[in-house]
A.B. asks: 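This structure is in structure tokens; I'll ask about it shortly.
Convention: sequence-line order gives letters A, B, ...; per-chain numbering from 1.
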Number of protein chains: 2
Amino acid sequence: MTPEGKKPDISPALCGYSKALEILSDKWTALAIHAMDGESIRYGVMKSRISGISQKMLTQTLRRLERDGLVRREVFATVPPSTEYSLTPLGESLLPVLKRMKEWADAHYSSVERAREAL
Amino acid sequence: MTPEGKKPDISPALCGYSKALEILSDKWTALAIHAMDGESIRYGVMKSRISGISQKMLTQTLRRLERDGLVRREVFATVPPSTEYSLTPLGESLLPVLKRMKEWADAHYSSVERAREAL
DNA sequence: CGGAATCCGATTAGATACTG
DNA sequence: CAGTATCTAATCGGATTCCG
């Protein structure tokens with residue numbers, strides 16, 4: 001069964017896993033996307049919702065998501081000024097993927113913790 | 001519509017996204033899991049399959065996966081010695097999650113690249 | 001063969017201070 | 001309010017060397 005021939009190389013530059021992770025893998029990206037799920041949200045509100053994020057990291061995360069076409073940024077010239085962030089359709093297409101990750105964690109993360117303790 | 005009440009805080013320590021990413025988020029983990037998909041594989045074979053990985057990073061990645069209960073390590077006292085790595089059931093439970101990530105990348109990554117070029 | 005240990009340069013991220 | 005700029009501590013990862 002399963003006669004393994006020579007598989008092609010597994011490469012960070014070509015593999016789909018790595019491409020998805022290139023976008024999702026940092027500490028704050030998934031949390032920021034989650035904060036924008038279903039609503040437009042102001043910078044300050046997002047910052048206060050995401051526990052522990054610095055304004056530097058929030059700005060950096062949002063800039064990258066905007067550059068990648070996942071997030072839309074709208075500036076309002078009010079006094080004081082406000083900025084609203086929301087997901088583009090491309091950004092929304094990531095939500096099911098994140099949902100699956102969350103489902104896995106909810107179902108299996110306790111097993112990981114038990115494995116760690118068993119050392 | 002969608003009258004947003006005060007949502008609970010979004011925290012890296014508590015959020016399911018972050019728990020899953022804590023395991024998957026580094027550069028090599030997903031590729032290593034992919035290499036073990038469906039088969040037991042020797043250290044050296046894995047190293048040669050995964051383009052660009054150093055032995056330090058491969059060992060580090062595998063040690064962490066083993067500690068987390070996702071990977072099984074078997075040492076054979078042959079001459080020369082050999083070590084086989086394979087996924088545990090817990091590790092296999094991650095495969096559908098990774099598959100989803102790959103599917104997203106295959107379907108949407110080109111849009112990300114186009115967004116980047118449009119700057 | 002399959003590692004562990006050390007060294008060291010590069011990247012990262014928090015804190016702080018300043019601005020339109 | 002929503003950033004930008006700078007500095008610095010810590011972490012990361014590649015290369016190298018040595019071991020069972």
Side-chain angles (χ1 to χ4, degrees), chain A residues 9-13 15 17-18 21-32 35-36 39-68 71-87 119, chain B residues 9-13 15 17-18 21-32 35-36 39-68 71-87 119:
Chain A
D9 268 15
I10 301 167
S11 141
C15 189
Y17 309 118
S18 298
L21 284 169
E22 176 194 325
I23 290 169
L24 286 176
S25 76
D26 90 69
K27 187 175 180 181
W28 304 109
T29 300
L31 300 178
M36 289 179 276
E39 60 178 334
S40 196
I41 184 174
R42 293 184 60 171
Y43 180 92
V45 173
M46 197 168 0
K47 178 158 172 14
S48 62
R49 277 240 195 102
I50 302 176
S51 168
I53 197 169
S54 66
Q55 102 277 61
K56 174 183 173 176
M57 291 315 295
L58 180 55
T59 298
Q60 196 176 106
T61 300
L62 291 169
R63 285 287 175 283
R64 195 165 39 75
L65 289 171
E66 191 191 359
R67 184 202 62 186
D68 290 350
V71 159
R72 177 172 33 243
R73 177 174 179 256
E74 294 176 283
V75 181
F76 299 98
T78 53
V79 179
S82 75
T83 310
E84 296 256 349
Y85 290 90
S86 55
L87 294 175
L119 301 185
Chain B
D9 268 14
I10 301 167
S11 141
C15 189
Y17 308 118
S18 298
L21 284 169
E22 175 195 326
I23 291 169
L24 286 176
S25 75
D26 89 69
K27 187 174 179 181
W28 304 108
T29 300
L31 301 178
M36 291 179 275
E39 60 177 334
S40 196
I41 184 175
R42 291 184 61 170
Y43 180 91
V45 174
M46 197 165 4
K47 178 159 171 11
S48 62
R49 277 240 195 103
I50 302 176
S51 168
I53 197 168
S54 66
Q55 106 273 67
K56 175 182 174 176
M57 292 315 295
L58 180 55
T59 299
Q60 196 177 104
T61 299
L62 291 169
R63 286 287 174 282
R64 195 165 40 72
L65 289 172
E66 190 190 1
R67 184 202 62 185
D68 291 350
V71 159
R72 178 173 32 244
R73 177 173 180 258
E74 293 176 285
V75 181
F76 299 97
T78 53
V79 178
S82 75
T83 311
E84 295 255 350
Y85 290 91
S86 55
L87 295 175
L119 299 185

A.B. asks: Can you see which heavy atom on A/S18 is nearest to which on A/P12, and at what distance?
C.D. replies: CB-O, 3.1 Å

A.B. asks: At what angle, to 10 degrees, do the two end axes of the helix from C/dC1-D/dG20 to C/dG20-D/dC1 meet, given five pairs define each axis?
C.D. replies: 50°

A.B. asks: Please check if the side chain of A/T59 supplies one atom and the backbone of A/K56 the other of a donor-acceptor pair under 3.5 Å.
C.D. replies: no

A.B. asks: Which heavy-atom pair separates A/I50 from A/A32 by the least distance, and what is that distance?
C.D. replies: CD1-CA, 3.9 Å

A.B. asks: Check every strand shown and say whether B/F76 touches a base, only sugar-phosphate, or nothing at a heavy-atom separation below 4.0 Å.
C.D. replies: nothing

A.B. asks: Check the distance between D/dC1's C1' and A/K47's NZ and give it to me in whole angstrom.
C.D. replies: 12 Å

A.B. asks: Tell me if a side-chain donor or acceptor on A/R72 pairs with a main-chain N or O of A/L87 at a distance below 3.5 Å.
C.D. replies: yes

A.B. asks: Can you tell me if the side-chain N/O atoms of B/Y85 get under 4.0 Å from OP1 or OP2 in C/dC1?
C.D. replies: no

A.B. asks: Considering all heavy atoms of both residues, which atom of B/A30 and which atom of A/Y17 are nearest to each other, and what is their separation?
C.D. replies: CB-CB, 3.9 Å

A.B. asks: Taking only the side-chain nitrogens and oxygens of B/T83, find out if one of them lies under 4.0 Å from OP1 or OP2 of C/dG3.
C.D. replies: yes

A.B. asks: Do A/V75 and A/P81 come within less than 4.5 Å of each other through their side chains, counting heavy atoms only?
C.D. replies: no

A.B. asks: Mind running side-chain contact (heavy atoms from CB on, under 4.5 Å) on B/L62 and B/M36 for me, showing each step along the way?
C.D. replies: CA-CA 11 Å; B/L62 291 169; B/M36 291 179 275; 4.0 Å; yes

A.B. asks: Quick one, give me the B/S/- string for nucleotides 4-20 of chain D, reading 5' to 3', where B means a protein heavy atom under 4.0 Å from the base and S means that only happens at the primed atoms, P, OP1 or OP2.
C.D. replies: B--------BBBB---B

A.B. asks: So which atom in B/R49 and which in B/E39 form the shortest heavy-atom distance, rounded to 0.1 Å?
C.D. replies: NH1-OE2, 3.6 Å

A.B. asks: So, is A/R73 near the phosphate of D/dG3, with a side-chain N or O under 4.0 Å from OP1 or OP2?
C.D. replies: yes

A.B. asks: Please give, in whole Å, the distance from D/dA2 P to A/L58 CG?
C.D. replies: 10 Å

A.B. asks: Whether A/R42 contacts D/dC1 is assessed here as follows: a side-chain N or O lying under 4.0 Å from the phosphate OP1 or OP2. Is that the case?
C.D. replies: no

A.B. asks: Output the rounded distance in Å from CE (A/M46) to C1' (D/dA2).
C.D. replies: 11 Å

A.B. asks: Is there a donor-acceptor contact under 3.5 Å from the side chain of B/Y43 to the main chain of B/Q55?
C.D. replies: yes

